[in-house]
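For reference, positions follow the sequence shown, starting with 1.
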Amino acid sequence: MEKNRMTNFANKAKDVKFTKSEEKFLLENEACRIATSHNDIPHIAPVTYVYIDGFFFIATDYNTRKYNNIKANRKIAISVDIYGSSVENQAVIIQGDVEIIERGQEFNRLYKIFSDKFEWVRKDPWKEGEAPFLKITPLKKVTWGI
């Protein structure tokens, strides 16, 4: 399902390339932790994400710490990880830049993808201008166990 939609996003992330194993891991998972900061105060939050063509997308509300931090500082870190034991851990951790998507064709495509994938979106729908998406472009990555 996602692979068909991946072609809708023409601009591919160029700075970081993921291996096929890393992409498989990212596509099979949907939860991550994001770290933002403002005025040297870090903030971390668990979120769901969609990975498309080398970019990560998350939805947020305007009245959140993460959104306010992103408005002030467009740098972000993401950890997509699975910890089952001390020897079988897997993770992709990235540092990147954020673009805020509030309206338009890309917003509508993302909303459809999120609505199809996540029940929480269908239970609490929103419209353009009510809650944005964050488009994260990876600039650095660290991976293990994959």
Visitor: Out of Thr36, Asn39, Thr64, which residue meets the side chain to side chain donor-acceptor pair (under 3.5 Å) rule with Asn69?
Guide: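 Per the side chain to side chain donor-acceptor pair (under 3.5 Å) rule, the option paired with Asn69 is Thr36, out of Thr36, Asn39, Thr64.
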Visitor: Minimum heavy-atom separation for His38 to Ala72, with atom names?
Guide: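 Scanning both residues completely, I find the closest heavy atoms to be ND1-CB, 3.0 Å.
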Visitor: Any luck finding a side-chain donor-acceptor pair between Thr143 and Glu22 under 3.5 Å?
Guide: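 The criterion, which ignores hydrogens and geometry beyond distance, is satisfied for Glu22 and Thr143.
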Visitor: Let me confirm one number: the CD-CZ distance from Glu99 to Arg74, rounded to the nearest 0.5 Å.
Guide: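 Atom-to-atom, Glu99:CD and Arg74:CZ are 8.5 Å apart.
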Visitor: Can you check whether Phe25's main-chain N or O pairs, donor with acceptor, with Glu28's side chain at less than 3.5 Å?
Guide: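 Absent.
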Visitor: Is the closest side-chain heavy-atom distance between Ile82 and Asn29 below 4.5 Å?
Guide: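 Ile82 reaches Asn29 side chain to side chain.
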Visitor: Answer whether the closest heavy-atom distance between the side chains of Lys66 and Val47 falls below 4.5 Å.
Guide: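 In contact.
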Visitor: Roughly how far, to the nearest 0.5 Å, is CG of Leu26 from SG of Cys32?
Guide: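 Nearest 0.5 Å value for the SG-CG distance: 9.5 Å.
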Visitor: Supply the atom-to-atom distance Ile76 CD1 to Ile58 CD1, rounded to the nearest 0.5 angstrom.
Guide: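 Rounded to the nearest 0.5 Å, the CD1-CD1 separation comes out at 5.0 Å.
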Visitor: So, the side chain of Asn108 versus the backbone of Gly104: is there a donor-acceptor pair under 3.5 Å, distance only?
Guide: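 Yes.
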Visitor: Tell me if the centroids of the rings in Trp144 and Tyr83 come within less than 6.0 Å of each other.
Guide: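 Distance test on ring centres: not under 6.0 Å, no.
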Visitor: Which pair of heavy atoms, one from Ser37 and one from Pro42, lies closest together, and at what distance?
Guide: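 Looks like CB-CA, 3.9 Å.
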Visitor: Applying the side-chain contact (heavy atoms from CB on, under 4.5 Å) criterion to Glu102, which one of Tyr62, Phe107, Phe133 satisfies it?
Guide: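 Single side-chain contact (heavy atoms from CB on, under 4.5 Å) partner of Glu102 among Tyr62, Phe107, Phe133: Tyr62.
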Visitor: Please give me the minimum heavy-atom distance between Arg122 and Pro125, naming the atom from each residue.
Guide: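 Scanning both residues, the minimum pair turns out to be O-CD, 3.6 Å.
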Visitor: Under a 4.5 Å cut-off applied to non-hydrogen side-chain atoms, are Tyr51 and Val80 in contact?
Guide: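 In short, these two side chains do not touch, never coming nearer than 4.5 Å.
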Visitor: If hydrophobic clusters are built from ILVMFWY residues whose side chains come within less than 4.5 Å, do Val92 and Ile44 share one?
Guide: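 They do not share one cluster, since no chain of ILVMFWY contacts under 4.5 Å joins Val92 to Ile44.
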Visitor: Taking C-beta and beyond as the side chain, do Ile101 and Leu110 meet within less than 4.5 Å on heavy atoms?
Guide: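 Touching, per the 4.5 Å side-chain cut-off.
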Visitor: Step through the shown structure and confirm whether more than 12 heavy atoms of other residues, nucleotides or ligands are within 6.0 Å of CZ on Arg65.
Guide: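 No, CZ of Arg65 has 12 or fewer neighbouring heavy atoms, counting only those of other groups under 6.0 Å.
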Visitor: Any side-chain heavy-atom pair from Ile94 and Phe56 closer than 4.5 angstrom?
Guide: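 In contact.
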Visitor: Distance from Ile34 atom CD1 to Ser79 atom OG, nearest 0.5 Å?
Guide: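 If we round to the nearest 0.5 Å, Ile34:CD1 and Ser79:OG are 12.0 Å apart.
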Visitor: Any side-chain to backbone donor/acceptor pair from Gln90 onto Gly145? Under 3.5 Å, distance only.
Guide: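 Yes: the side chain of Gln90 pairs with the backbone of Gly145.
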Visitor: Within the structure provided, determine whether Tyr67 and Asp61 are in side-chain contact (heavy-atom separation under 4.5 Å).
Guide: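 A side-chain contact is absent here, since even the closest heavy-atom pair is not under 4.5 Å.
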Visitor: Indicate the atoms forming the closest heavy-atom contact of Phe18 with Gly54, along with that distance.
Guide: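 In this case the closest contact between Phe18 and Gly54 is CE1-O, 4.2 Å.
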Visitor: Please confirm whether the ring centroid of Tyr49 lies under 6.0 Å from the ring centroid of Phe57.
Guide: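 Centroid separation for Tyr49 and Phe57: 6.0 Å or greater.
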Visitor: Hey, quick one: are Ile113 and Trp120 part of the same hydrophobic cluster, counting side-chain heavy atoms closer than 4.5 Å, chains of contacts allowed?
Guide: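 Yes; Trp120 is reachable from Ile113 via cluster members.
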Visitor: Side chains of Leu134 and Ile70: closer than 4.5 Å at any heavy-atom pair?
Guide: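 Yes; the side chains approach each other to less than 4.5 Å.
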Visitor: Check the surroundings of atom CD in Glu88: do more than 12 heavy atoms from other residues, nucleotides or ligands lie under 6.0 Å from it?
Guide: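 No, not enclosed.
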Visitor: Testing the 3.5 Å rule here: is there a donor-acceptor pair between the side chains of Glu106 and Tyr111?
Guide: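 No.
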Visitor: Donor-acceptor pair, distance only, cut-off 3.5 Å: does the side chain of Asn73 make one with the backbone of Lys75?
Guide: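 Yes.
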Visitor: Using 4.0 Å as the upper bound for N to carboxylate O, is an ion pair formed by Arg33 and Asp81?
Guide: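 A salt bridge is present here (some side-chain N lies under 4.0 Å from a carboxylate O).
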Visitor: Looking at side-chain heavy atoms only, is the closest gap between Ile78 and Ile93 below 4.5 Å?
Guide: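 SC-SC contact between Ile78 and Ile93 ruled out.
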Visitor: With rounding to the nearest 0.5 Å, note down the distance linking NZ in Lys112 to CZ in Arg109.
Guide: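 The NZ atom of Lys112 sits 13.5 Å away from the CZ atom of Arg109.
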Visitor: How long is the gap from OG on Ser21 to CD1 on Ile146, to the nearest 0.5 Å?
Guide: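 Ser21 atom OG to Ile146 atom CD1 measures 8.0 Å (nearest 0.5 Å).
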